[in-house]
Amino acid sequence: MSHEITVRLKDGSERQMPAGSTYAELAQSMGPRLGKEAVVARVNGALVDLSREIEDGAQVEFLTLQDPEGLYVMRHTCAHVMAQAVQRLFPGTKCAIGPVIENGFYYDFADHDFHPEDLPRIEEEMRRIVAEDLPIQREVISRDEALRFFRERGDRFKVEIIEDLPEDVTLTLYRQGEFVDLCRGPHLPSTGRVKVFQLQSFAGAYWRGDSKREMLTRVYGVAFAKKSDLDEYNRLQQEARERDHRRLGKELDIFTLSPEVGQGLPLWLPNGAKIRRIIERYIVDLEESLGYQHVYTPHLANVELYKISGHWEHYKDDMYPPMKIDNEELVLRPMNCPHHMMVYKHRLHSYRELPIRIAELGTMHRYEMSGALAGLQRVRAMTLNDAHIFCRPDQIEQEFTGVVRLIQRVYKDFGIDDYYHRLSYRDPKNTEKYVQNDEMWELAQSTLRKVMLDLGLEFVEAEGEAAFYGPKLDVQVRTALGKDETLSTIQLDFHLPNRFNLEYVGEDGERHRPVVIHRGVVGTMERFVAFLIEQYKGAFPTWLAPTQVVVASVADEFAGYAEEVAAKLRELGIRAEADVSDNKIGYKIRQAQTHKIPYTLVVGAREREEGSVSVRKYQAGDLGAMPLDQFVRQIQDEIERKAKLVEA
RNA sequence: GCCAGCGUAGCUCAGUAGGUAGAGCAACUGACUUGUAAUCAGUGGGUCGCAGGUUCGAUUCCUGUCGCUGGCUCCA
């Protein structure tokens, strides 16, 4: 009865195996090395355990830890190994879920209080489980059996998961030694195949991500195929900590936070204020050159304004509560849109005037949850590079394009090149969460998509990420700690014009409703500067550096010349300071370098005589002596070009 | 807001098995007069986050509170 079955392999060839063979045996038969390295099979596109029997006629490919999918499977198994270790050390701990994440995995537990000292113990137990090389077995189980099994063990999370799964899915258990877990798989053939791992931290996490439900303890870990990958990961983590804007912001005196002032209320120190002012001038000038009209509006408003806009209903919990003064109830504004609607509304507009682009560096206050606050990245008082474009529907495409181009220009000037575009649509399965107007949504979403395609820009599409009032384009960047955040955003809005009854007089003499485009290019000054600190590792390019030049005298005798040079540079609009302290030149240079000042000019007898300066550039080192005029031309050119400080 | 951890000089950190604390850097003072990443010497500086409690005695133990960090949730 030993009939043969046939599989097709990756290279297109076919191979025969006796019926009932497993994928592991197939891999082994193809070569001892593959047999040793394969961790999972891809069968007709789906990942399958090596222990399973070969399907006749299948298209088969083997994956190793060199493949992302192989690594994925190992990380998944690693999560199980961790859960097993936890069960051994702390019997009675309940397991919730343990998925794979970037670089590693986590597992959520309940009914045990974890302590930091537990991490090394868990790690140690995991190593033991790996050394035991327990075979990992897959078992198909019926729904009733599974429910009975987990109910008996008091595994409430597993029971809930099973109950929520559709009736027709095949339930599987994975068993390794004494440990059993409900899991879709696939897994490594045995625990011994887990390579390098490291537990990272504990964190609280709500069951099913729902803040109303039980808080579990999440244990994070990373896992890699090789020790060197883990070392590299740790190196990058270390580097990330070093470029953390909170650390650099303190070291470089850019901003400060203190409980006396209030949580999430940053003070911009002189250095930070200089950087911010340069950015503000830059963006305002640029916007004005593109037809934006900058305005100033108050940071407080009558709560009625937000009732008109609809924000009160949706977002009042995230606003500072109203204060009653005279006959008014005033709130700190959490966004600028309503004010700008009123700017538009102060008189009637003709179709000929549109688009009207109202812009402002608008300061706003949001009651962010205390646990969400982080340095300048997440604050409760912030200033947004905001603008609202009021246009006719036929101008949407052109205006949207204009904003995308503006963003590209700005990113180029700031040397930001690691970002991606995300087009956010409404969730088609959940349309009641959004403003009701199917036609508008379809048109708006397709317009945004078309513009991105016309501009030849890559983008990802995210259903369900839209604002409730319209679709949007976000520009996403990553913080030093690897978190995604939105830097720029463009949002179409068909809702506020209705709420505020905005109108323009059309060619036909009738009243029409304009469309509003909300957009932030630089985003909030707080988040943008936080991002720049991290991106530049605190070494701002010369055009942005708070201090561009330090003139360091070699000895007291040359203090006068140093002051003279610094004064001359300042007259030319270059931010220069003289260091005429009685420290040695080596010390002054070190100071300038650790403060990441772009240029240090060393002056002594020679320079005074020649009217020259010895130029030392940040990181690049000594560039030699040159006439002061030449240095001025050079640095002015660099500032003009907004050149990067150090070419990466 | 929730879970966990942390909170000692301006900064980075050590320390006290309960007997009111220490280093480096920074600051200040003086000497040195300096040529490309730290000259030398000296001085000052902390009710050990805050408030209660236990104790003869608390920075150390307990409770509460505020803040910070990691994550969750949120992010118009």
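Labels below follow one simple rule: chain letters A, B, ... track the order of the sequence lines, proteins then strands, and each chain is numbered from 1.
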Practice prompt. Please work out which of the three classes, parallel, tilted or perpendicular, describes the rings of A/His388 and A/Phe390, given edges at 30° and 60°.
Written response: tilted
For the [atom1] atoms, the ones on [N] and on [M], what distance do you get once it is rounded to whole angstrom?
N     : M     : atom1 : answer
B/G24 : B/A14 : C1'   : 11 Å
B/U16 : B/C32 : C1'   : 41 Å
B/U12 : B/G5  : P     : 22 Å
B/U63 : B/G44 : C1'   : 37 Å
B/C25 : B/A37 : C1'   : 15 Å
B/G22 : B/U60 : C1'   : 16 Å
B/U73 : B/G15 : P     : 37 Å
B/G45 : B/C28 : C1'   : 10 Å

Worksheet item: Out of A/Arg243, A/Glu251, A/Lys250, which residue meets the side chain to side chain contact (heavy atoms under 4.5 Å, CB included) rule with A/Arg247?
Response: A/Glu251
Worksheet entry | ring pair (Phe, Tyr, Trp, His ring centres under 6.0 Å) contacts touching residues 234-266 of chain A (sequence neighbours left out) | A/His245-A/Phe255
Nearest whole Å is fine: how far is [N] [atom2] from [X] [atom1]?
X        : N     : atom1 : atom2 : value
A/Lys212 : B/C3  : NZ    : C1'   : 17 Å
A/Gln377 : B/G70 : CD    : C1'   : 14 Å
A/Leu119 : B/C6  : CG    : P     : 13 Å
A/Gln200 : B/G5  : CD    : C1'   : 16 Å
A/Leu376 : B/U69 : CG    : P     : 12 Å
A/Lys94  : B/C3  : NZ    : C1'   : 19 Å

Can you tabulate the close N/O pairs, meaning under 3.5 Å, that link protein atoms to atoms of nucleotides 46-51 of chain B?
none

Any salt bridge (charged side-chain N to carboxylate O under 4.0 Å, His left out) involving [range]? Give me the pairs, sequence neighbours left out, ordered by first then second residue.
range                       : answer
residues 519-529 of chain A : A/Arg276-A/Glu526, A/Glu287-A/Arg519, A/Glu485-A/Arg527
residues 204-217 of chain A : A/Arg156-A/Glu214, A/Glu160-A/Arg208, A/Glu160-A/Arg213, A/Asp164-A/Arg208
residues 376-386 of chain A : A/Glu368-A/Arg378
residues 588-609 of chain A : A/Glu557-A/Arg608

Worksheet item: Which heavy atom of A/Val295 sits nearest a heavy atom of A/Glu360, and at what distance?
Response: O-CG, 3.3 Å
Practice prompt. Compute both the distance and the angle, then confirm whether A/Arg478 meets the cation-pi test with A/Phe531: under 6.0 Å from the six-membered ring centre, within 45 degrees of the axis.
Written response: no
Contact state string [[range], B base, S sugar-phosphate only, - no protein heavy atom under 4.0 Å]:
range                        : result
nucleotides 33-39 of chain B : BBBBBBS
nucleotides 71-76 of chain B : BBBBBB
nucleotides 9-15 of chain B  : ---S---

Can [X] and [Y] be counted as an ion pair, charged N to O under 4.0 angstrom?
X        : Y        : answer
A/Arg121 : A/Glu117 : no
A/Glu564 : A/Lys568 : no
A/Arg499 : A/Glu313 : no
A/Asp622 : A/Arg616 : no

Discussion item. Walk me through whether A/Gln634 and A/Glu638 qualify under side-chain hydrogen bond (donor to acceptor under 3.5 Å, both in side chains).
Written reply: CA-CA 6 Å; A/Gln634 205 169 297; A/Glu638 187 179 327; 5.9 Å; no
Worksheet item: Among side-chain atoms of A/Gln238 and A/Arg235, is any donor-acceptor pair under 3.5 angstrom?
Response: no
Worksheet entry | For A/Arg366, all residues meeting salt bridge (Lys or Arg N to Asp or Glu O under 4.0 Å), sequence neighbours excluded | none
Item to complete: Could you check A/Arg246 against A/Phe114 and say which one's nearest nucleotide on RNA chain B is further toward the 5' end?
Response: A/Phe114
Discussion item. Classify A/Glu485 by what it touches in the nucleic acid, base, sugar-phosphate, or nothing, heavy-atom distance under 4.0 Å.
Written reply: nothing
Practice prompt. Remember a base hit wins even if backbone is also touched, and classify A/Ser370 as base, sugar-phosphate or nothing at under 4.0 Å, heavy atoms.
Written response: base
Check: residues 256-268 of chain A side-chain donor-acceptor pairs under 3.5 Å, at least two apart:
none

Fill in: For RNA chain B, the dot-bracket pattern of Watson-Crick and G-U pairs whose distances stay under 3.5 Å, | for other-strand partners
(((((((..((((.....[..)))).(((((.......))))).....(((((..]....))))))))))))....
